[in-house]
Amino acid sequence: MYDIENIYQATSVKDAIEQLLAKPDALIIAGGSDILIKIHNGKLSGCSLVSIYGLDELRGISIDDDGSIKIGPLTSFSHITNDEIIKKHIPVLGEAVDQVGGPQIRNIGTIGGNISNGVTSADSASTLFALNAQLEITGIDGKRIIPISDYYIGPGKVVLKQGEILTAIYITKENYQGFTGCYIKYAMRNAMDIATLGCSVTCKLSEDKTKIEDVHLAYGVAGPVPMRCPETEKSIIDMAIDDEMFEKFGAMAMEEVNPRDSWRASKTLRLQLAKELSKRALKQAIIKSGGVL
């Protein structure tokens, strides 16, 4: 049973915003794979919902004139994985969202919903952090664009105010051109499980493929919200690709993250995972770039 007081089907972004402002306690629902579970478990009993799932203007993937890849927040995980733009320019994102739940969840679950529930374990979040995603938020006063690092304000909380909607995700050309990436999800089961730790790495190699020109390292479940490791990234810029570089990368990453103990895993295990997964993901990213290990 779902204890829902009422549900309104928005006809446009403007309509959705107006309805959210008119009903201050109303919640946004899209695919519903997260919020319906909470309602079923009694956590949001008697809530009012504004559905934006019918807004096709918030779906799809395209490339803007400046080369930025635009992803609509209502784009499903399966659409992202199979989209030709994603496969050509940022396949790491398609690989990451392909590890969400099972086929039914991936067909209905949306990338916007995945990051807007605010949980640190969201499989798309760490890769969007590694890609320096920019988020477009629309409200009654217009649009604003913020880095994804500013979107999360605490466990399960994002910066959206009442009457605001996530309307686009942008990956700029400078953050994907020349980069290759790898996302590794460690979980207790091979499928249909929440990440114990997620690690995403994107890197760009020097012209001769022997050094690291740039690298982005991001985690899920390594802190209260998804996170980047800027000091770890800077530490290996211009370093030769060798065992010393990988060891430095992993050791510094382990120092920069801040995981917690939980019933899923101890802090000690997550620290070890942060070290090992960062090295493995970087190795795979380098191989994809044509580097020699």
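Being a predicted model, the structure only gives us computed values, none of them experimental. Counting from 1, the numbers follow the sequence of the chain as shown.
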Q: Take atom NZ of Lys288 as the centre, draw a 6.0 Å sphere, and report whether it contains more than 12 heavy atoms from other residues, nucleotides or ligands.
A: yes
Q.
Restricting to non-hydrogen atoms, name the atom on Gln162 and the atom on Leu21 that form the minimum distance, rounded to 0.1 Å.
A. O-CD2, 3.6 Å
Q) Quick one: does Glu213's side chain have a donor or acceptor within less than 3.5 Å of a partner on Lys204's backbone? A) no
Q | Donor-acceptor contact present, side-chain Ser262 to main-chain Arg264, <3.5 Å | A | yes
(Q) Looking at Tyr152 and Ile115, would you say the former's side chain and the latter's main chain have a donor-acceptor pair under 3.5 Å? (A) yes
Q: Taking Arg260 for its side chain and Pro224 for its backbone only, find out whether a donor-acceptor pair lies under 3.5 Å.
A: no
(Q) Are more than 12 heavy atoms, taken from residues, nucleotides or ligands other than Lys88, located less than 6.0 Å from that residue's NZ atom? (A) no
(Q) Distance to the ring centre below 6.0 angstrom and angle to the axis at most 45 degrees; does that hold for Arg280 and Phe246? (A) no
**Q.** Min side-chain heavy-atom separation Leu160-Tyr151 under 4.5 Å
**A.** yes
Q: Report yes if some heavy atom in the side chain of Cys199 is under 4.5 Å from a heavy atom in the side chain of Tyr186; otherwise report no.
A: no
Q: Indicate yes or no for a side-chain donor-acceptor contact from Arg270 to the backbone of Thr196 under 3.5 Å, with no hydrogens or angles considered.
A: yes
Q: Would you sort out whether Lys14 and Glu18 count as a salt bridge (charged side-chain N to carboxylate O under 4.0 Å, His left out), showing the intermediate values?
A: CA-CA 6 Å; Lys14 181 176 182 292; Glu18 290 173 350; 2.6 Å; yes
Q. Got a sec: does the CZ of Arg144 have more than 12 other heavy atoms crowding it under 6.0 Å?
A. yes
Q: Give the minimum heavy-atom separation between Val158 and Ser116, together with the two atoms involved.
A: CG2-O, 3.7 Å
Q. So, for Glu256 and Thr232, which heavy atoms are closest and what is the spacing to 0.1 Å?
A. OE1-OG1, 2.7 Å
Q: Begin with the C-alpha distance, continue with both residues' side-chain angles, and end with the deciding distance and a verdict on salt bridge (charged side-chain N to carboxylate O under 4.0 Å, His left out) for Lys70 and Glu136.
A: CA-CA 10 Å; Lys70 179 183 179 181; Glu136 178 188 272; 5.5 Å; no
Q) For the side chain of Asp64 and the backbone of Asp66, is there at least one donor-acceptor N/O pair under 3.5 Å apart? A) no
Q) More than 12 foreign heavy atoms under 6.0 Å from CG of Asp243: is that the case here? A) no
Q | Ser76 vs Ser78, side-chain hydrogen bond (donor to acceptor under 3.5 Å, both in side chains): CA-CA, chis, key distance, verdict | A | CA-CA 5 Å; Ser76 69; Ser78 54; 3.3 Å; yes
Q: Please examine the side chains of Val100 and Ser124, heavy atoms only from C-beta on, and report whether any two atoms are closer than 4.5 Å.
A: no
Q: Can you measure from CD1 (Ile29) to OH (Tyr53) and round to the nearest 0.5 angstrom?
A: 10.5 Å
**Q.** salt bridge (charged side-chain N to carboxylate O under 4.0 Å, His left out) between Asp98 and Arg106, worked out
**A.** CA-CA 7 Å; Asp98 200 39; Arg106 293 194 292 272; 3.4 Å; yes
Q. So with a 6.0 Å cut-off around NZ of Lys157, is the heavy-atom count from everything else above 12?
A. no
**Q.** Check: Val221 main-chain N/O paired with Thr120 side-chain donor or acceptor under 3.5 Å
**A.** yes
Q.
Is the shortest side-chain heavy-atom distance between Ile28 and Leu166 below 4.5 Å?
A. no
**Q.** Test item: Thr75 side-chain N/O and Ile80 main-chain N/O as donor-acceptor pair under 3.5 Å
**A.** no
**Q.** Val97 backbone acceptor or donor facing Asp123 side chain under 3.5 Å
**A.** no
Q | Expected output: side-chain Lys279 to main-chain Phe249 donor-acceptor under 3.5 Å | A | no
